[in-house]
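Only heavy atoms go into these numbers, but all of them, side chains included; no hydrogens, no water, no symmetry mates. Per chain, numbering begins at 1; letters A, B, ... match sequence-line order.
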Amino acid sequence: MDDSEQKLLVTAALPYANGPLHVGHLAGAYIPADVFVRYQRLKGSNVLFICGSDEHGVPIKIRADREGITPQEVIDRYHGMMRKSFQGIGLGFDNYSRTSLPLHHKISQEFFLTLNRKGFVTEKSVQQYHCNTCGRFLPDRYIEGECPHCHQDGARGDQCESCGRWLEPEQLIDPKCKECGSCPEMQSTKHWYFRLSEFQGKLEEWQASKSDWKSNVREFCSGWFQEGLTDRPITRDIDWGVPVPLPDAEGKVLYVWFDAPIGYISSSVEWAQKQGQPELWREYWFDPNTRLIHFIGKDNIVFHAIVWPATLMAHGDFVLPDHIPANEFLNIEGEKLSTSRNWAVWVDEYLDVFPPDPLRYYLEANAPESKDADFGWKDFQAHNNNELADVLGNLINRCLSFTEKNFDNRVPPACKPEDADRAVLDAIAHSAQTIAAALESFQVRRAVNEMMDLARTGNKYFNDSAPWKALKTDRERCGTILNTTLQLLASLAVLMEPFLPFSAEKLWQMLNGSGSHREQCWNAIQDLRLADSHPLGKREILFEKIEDGIIEEQVAKLHS
RNA sequence: GGCGACGUAGCUCAGUCGGUUAGAGCGCGGGAUUCAUAACCCCGAGGUCGUUGGUUCAAUUCCAACCGUCGCUACCA
């Protein structure tokens, strides 16, 4: 199929709106998704990139109660912060929505009703702890008590941190509400269950065809299939969420895990409305040829690879996920990231101090693709200084500076190309192919390294060719060397776009390229040429080095 | 407890569908150069590929056990 006809519907996990965005979020889902989408756009693919804030659920409600504000104020705050962070780091969503919108509520309710009408939802009464003081039913992890096994105090209703055993809340001795400390009591309550168990066969059959999925996703699912899927409650007893659209469901909302992925659909609908073509979203979601790709972190695998596809199957009509590239986690300075201990690097705070591309580059080159990776400030500095500044930035600067000083800042003509010159042009084509192949299989790390290797090739060529010597003996030869290197820079401006969009744009301007580098075609990069005598733009340092002191401040801040 | 992942040079990681001298970047040592953000380029030192067994003509690569790190375990989304 022609790339321009193949529709791509790309989603990045909806971030939960009870805290700001951190580098772990970026590394796991957002940067890989953005790199993929930017590459696809250069290729000319028809791609829709969707995201939004996930704004329901108990944790948001509890945060609001603690701070004495409304849940709406909580989500407004974090939705705004995350949106700004995404923009600052260059996430190019076509639409960034939020699940608190009436549009999303309506679509989620319709979804629920369809499943109910088709008989995939059943009603059940269950016993649950209820805190009379806080006035709500308590999720397992919000109940604490003495562990029945090791008798340690402070065990949670889902698991004892001390002995690691998995618990049921009613096993706890002397249970207490984690928020207020009072003793909860068992109450009967009614919930609606999604009949997930009915879909095991279809899911297994469907996944059997996904041999190109990453092993972490496949292994994870096979474990679940072996255990056997069970029906899942998809409603909750709180007043913050999408109300269950049934007459006898007062005070019940849809479980966030049910409504959140529907946010991918409602965000697409909102996008279509903003385009003035309110039905346009159907061309993506209802076309069986659409490749639906969900970028997520590994904590999301079971929901995206099992529960959500089953939900889509139950509803019918919608396209099923084609691929679910799930990344592992990012640690910070060797320790597990923890928002409650403030052991995290927040994107908004990063952007107060640094430009976006160095962080993008670091997370791309150090992406947690096959196993957990580590974010280290010194490591970040090293990647910026040794690679972005010394290899890529220096190649650009040495070439432009030389051309400016000796050739009136114009592209010298290429005369009598030699083997070395041709080899550089061949290397461009080869890199473009290698990077494309890596990105098609979601290997950002390999792809960005290949891009940097092309810059290394450029440095070696420039060095071996020694235009500063040729300048004195053979001005024509010197011009040819610069011409070749400048063509390499033009290609790099396009090749950099998926990884370093801000710098790619600046480089294109420095080269005084026509239009935007984003209008170039990835598949024709090797044919991209700056014309003889083409006037170059204004030169500037593309990647500043980062001084030790700045890094030390960040490390100190992390430990404070 | 169950399931899974990972453990390769000082550091961060590739790789090996079993088979000549195990790779990259950084860091380190030496050299060359001066166009450039004291950058670039070349050379070099450094690894019994977590441990112990097994299969095999041959294992770092397959299998088992063990040790270590981590994740998931179904209402933390």
Scan every strand shown for a Watson-Crick or G-U wobble partner of [N], both distances under 3.5 Å, and answer none if you come up empty.
N      : answer
B/rA64 : B/rU52
B/rA24 : B/rU12
B/rC3  : B/rG71

What is the separation between atom [atom1] on [X] and atom [atom2] on [N], rounded to the nearest whole Å?
X        : N      : atom1 : atom2 : value
A/Asn386 : B/rG27 : CG    : P     : 5 Å
A/Ile332 : B/rU12 : CD1   : C1'   : 15 Å
A/Ile301 : B/rC3  : CD1   : P     : 18 Å
A/Ile143 : B/rC75 : CD1   : C1'   : 10 Å

Heavy atoms only, 4.0 Å cut-off, all strands: where does [X] land among base, sugar-phosphate and nothing?
X        : result
A/Tyr142 : nothing
A/Phe137 : nothing
A/Pro467 : nothing
A/Gly393 : base

* Is the gap between the ring centers of A/Tyr264 and A/His294 under 6.0 Å? ->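 Distance test on ring centres: under 6.0 Å, yes.
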* Are the ring centres of A/Phe120 and A/Phe112 closer than 6.0 Å? ->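 No.
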Distance between [atom1] atoms of [N] and [M] (Å, rounded):
N      : M      : atom1 : value
B/rG2  : B/rG53 : P     : 26 Å
B/rG50 : B/rC6  : C1'   : 11 Å
B/rA58 : B/rG18 : C1'   : 8 Å
B/rC70 : B/rG25 : C1'   : 25 Å
B/rG23 : B/rC49 : C1'   : 12 Å
B/rG46 : B/rG29 : C1'   : 11 Å
B/rU61 : B/rG15 : C1'   : 10 Å
B/rU16 : B/rU69 : P     : 28 Å

[Y] and [X] side chains, donor-acceptor separation under 3.5 Å:
X        : Y        : result
A/Asn18  : A/Glu55  : no
A/Tyr361 : A/Asp357 : no
A/His56  : A/Asp259 : yes

* Mark this stacking check for A/Phe402 against B/rC35 as yes or no, applying ring centres under 5.5 Å and ring planes under 30°. =>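 No; by the centre-distance and plane-angle rule, A/Phe402 does not count as stacking on B/rC35.
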* Asked: So which one's nearest nucleotide on RNA chain B is more toward 5', A/Leu392 or A/Asn366?
  ->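 Result: A/Asn366.
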* RNA chain B: A/Ile541 or A/Arg236, which has the more 5' nearest nucleotide? ->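 That would be A/Ile541.
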Tell me whether the OP1 or OP2 atom of [N] has a side-chain N or O from [X] closer than 4.0 Å.
X        : N      : value
A/Lys545 : B/rA39 : yes
A/Lys472 : B/rC35 : no
A/Lys378 : B/rC11 : no
A/Lys460 : B/rC42 : yes
A/Ser370 : B/rA14 : yes
A/Lys298 : B/rG4  : no

* Report the nucleotide, chosen from B/rC35, B/rC75, B/rG71, that has the shortest atom-to-atom distance to any side-chain atom of A/Asn463. =>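 Nearest to the side-chain atoms of A/Asn463, counting from C-beta on, is B/rC35.
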* Taking the inter-plane angle between the rings of A/His22 and A/His25 on a 0 to 90° scale, is it parallel (under 30°), tilted (30 to 60°) or perpendicular (over 60°)? ->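 Correct class here is parallel.
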* Kindly indicate whether a cation-pi arrangement holds for A/Arg232 with A/Phe258, taking the cut-offs as under 6.0 Å to the six-membered ring centre and within 45° of the axis. =>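 Not flagged: A/Arg232 not positioned over aromatic ring of A/Phe258.
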* Under 3.5 Å, is there an N or O donor on one side and an acceptor on the other linking the side chain of A/Gln128 and the base of B/rC75? ->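 Donor-acceptor pair under 3.5 Å: yes.
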